[in-house]
2 protein chains.
Amino acid sequence: MQLQSLALAPAPAPVVGFDAESDEELKIVGAIKTYGRDEEVFAEGDRADFVYRVVSGAVRMTRVLADGRRQVADFYLPGDVFGVELGAERTATAEAVGEVMLVVARRAVLASDPAQAQKLWRQALGELGRCRDHLLTVTHRSATERVARFLLDLGVRLGGEAQIDLPMSRQDIADYLGLTIETVSRTMTQLQADGLVRLSGCRQVTFARPAALAGLCE
Amino acid sequence: MQLQSLALAPAPAPVVGFDAESDEELKIVGAIKTYGRDEEVFAEGDRADFVYRVVSGAVRMTRVLADGRRQVADFYLPGDVFGVELGAERTATAEAVGEVMLVVARRAVLASDPAQAQKLWRQALGELGRCRDHLLTVTHRSATERVARFLLDLGVRLGGEAQIDLPMSRQDIADYLGLTIETVSRTMTQLQADGLVRLSGCRQVTFARPAALAGLCE
DNA sequence: CGGACTTTTGAGCCACGTCAAGAGAAGTGG
DNA sequence: CCACTTCTCTTGACGTGGCTCAAAAGTCCG
């Protein structure tokens, strides 16, 4: 079964920016860089001179609270653009989840081209939409709903196959969903016990009954 | 005491958009419109042709889940601009919290002026930042922390006086903070019992010990 | 004053967090 | 290839913060 058909998000509204224009991707041409596991791409407070596109691997955007608790604001997967900021400074830290390959481009170069600038703008607004969806998920849903949603979303974003390799640890998932690592682990175990997914090693997830899994998300 | 000095958010980073430019506000010139309590300004799915600036009163942006639960994504107060969207359609509903006066402008008019368009862009990215902050607050903080933060933030945004009139109901606050109305109410009662705030009627809040209140937020 | 709505308060329960220990998995060096 | 360390994940037992259900008390307006 194609997972795509179970996508949680409604079909994207026709994008018309300011003047309705080609929907083609933001072109990022620049150097290829690679990062090792947990290596920082940039840190909160750095100058925000570059934007990035993920070629392979995954990147997490994190912020740390004063008391040490960590919030993973977002994961970026192959094809995703990240690093577009309002101000001159980074407001969050980006780290490689595993081995990552990125394309890097100067923000100024993109901004000088009006067409590209508009795509940057769309990118940012798209991110706002995702952030709001996530907010809704995290504030009003149970642990089971959150994990189910997360797995399905990841499945779609990674290509819609029935089996995915989680790039991130349980701790990353927990910090993203606003849960503890124990709750994430228990929930995954429960989903497997209910026959909704199969786990082969803790990083490989097979969607056994994707429709039922989607049903958990309302 | 000036509440401003206790602002939770770090001082806004120097804004340099694409080309560092004047930091003046987005100019919205257009018709003044007024809305009554709970009246819809626009609804999810509407065409997104206009942008708005709040003159007086307050507006809430809401989304409703399939099961009827409601998420208040944001409140807009006097001076705030809202209604900037990525797509052609509204992704959330905006309603007047009480009596509201708004300035309305066609989005197309703003967008045709590059300088204004850039301010629209900044506006959107600013909102993204707020959304992320809120996400962090809601996922990792206790009910007390959330309410304290909410009250202080509102205090600053409403002008930094030591006393504020809440424009919104307990239910609105609960839906914003991802809590129940009972928990919000109990928390406010507790804050009063602890001498951190004084409540005169349920809408009027006086910051009795703002520093202590800020202390609850880390 | 009366009715509708909002807020407060109370009692009980449950989902999730905390603390703790064990089981894999993965890397390291001999 | 195996011992050893280290890290991650799972599982269990228990406590608690916030949700649910229910009712009383305020508040607003006609």
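These numbers come from the heavy atoms of this one structure, side chains and all, not from hydrogens, waters or symmetry mates. Throughout, protein chains are lettered first and strands after them, A, B, ... in sequence-line order, and every chain is numbered starting at 1. Every value quoted in this text rests on a predicted model; they were computed, and no experiment measured them.
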Could I get a table of every N or O pair under 3.5 Å where one atom is in the protein and the other is in nucleotides 7-11 of chain C?
unit_1	atom_1	unit_2	atom_2	d
C:dT7	OP1	B:Arg170	N	3.3
C:dT7	OP2	B:Arg170	N	3.3
C:dT8	OP1	B:Arg170	NH2	3.1
C:dT8	OP2	B:Arg170	NE	2.8
C:dT8	OP2	B:Ser185	OG	2.7
C:dT8	O5'	B:Ser185	OG	3.0
C:dT9	OP2	B:Thr189	OG1	2.8
C:dG10	N7	B:Arg186	NH1	2.8
C:dG10	O6	B:Arg186	NH2	3.3

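Contacts of B:Arg146 with the nucleic acid, taken as non-hydrogen atoms under 4.0 Å apart, are absent.
Between B:Thr180 and the phosphate of D:dC19, there is a side-chain N or O to OP1/OP2 separation shorter than 4.0 Å.
In terms of modelled atom types and a separation under 3.5 Å, the side chain of A:His134 and the main chain of A:Tyr176 share a donor-acceptor contact.
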Practice task
Could you walk me through whether A:Arg63 and B:Leu136 pass side chain to side chain contact (heavy atoms under 4.5 Å, CB included), step by step?
Solution key: CA-CA 8 Å; A:Arg63 299 179 68 183; B:Leu136 205 134; 3.8 Å; yes
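Salt bridge A:Asp165/A:Arg203: absent, no basic N to carboxylate O contact under 4.0 Å. Ion pairing between A:Arg132 and B:Glu127 holds under the 4.0 Å rule for side-chain N and carboxylate O. Note on A:Asp175 versus A:Arg70: salt bridge recorded, some NZ/NE/NH1/NH2 to OD/OE distance being below 4.0 Å. A:Glu44 has no carboxylate O lying under 4.0 Å from a charged side-chain N of A:Arg90, or vice versa, which leaves the two without a salt bridge.
Nucleotide C:dC16 holds its P atom 15 Å from the NE2 atom of B:His140, rounded to whole Å. The separation between B:Arg141 atom CZ and D:dG17 atom P is 17 Å, rounded to whole Å. Atom CG in B:Asp38 sits roughly 12 Å away from atom C1' in C:dC5 (whole-Å rounding). Distance B:Asp172 CG to C:dC5 P: 16 Å, rounded to the nearest Å. For the pair A:Asp175 CG and D:dC9 P, the interatomic distance rounds to 12 Å; values are reported in whole Å. If you take CG of B:Leu166 and C1' of D:dT27, they are 15 Å apart, rounded to a whole angstrom. With rounding to whole Å, A:Gln204 atom CD is found 18 Å from C:dG24 atom P. One can place CZ of A:Arg37 at 11 Å from C1' of D:dT6, the figure rounded to the nearest angstrom.
Taken from CZ in A:Phe50 to CD in A:Glu85, the straight-line distance is 14.0 Å, to the nearest 0.5 Å.
Relative to the axis of its first five pairs, the axis of the last five pairs of the helix from C:dC1-D:dG30 to C:dG30-D:dC1 sits at 40°, rounded to 10 degrees.
In this view, A:Asp74 and A:Arg130 satisfy the salt bridge (charged side-chain N to carboxylate O under 4.0 Å, His left out) rule, not counting sequence neighbours.
Between A:Tyr52 and A:Phe42, the ring center distance clears the sub-6.0 Å criterion.
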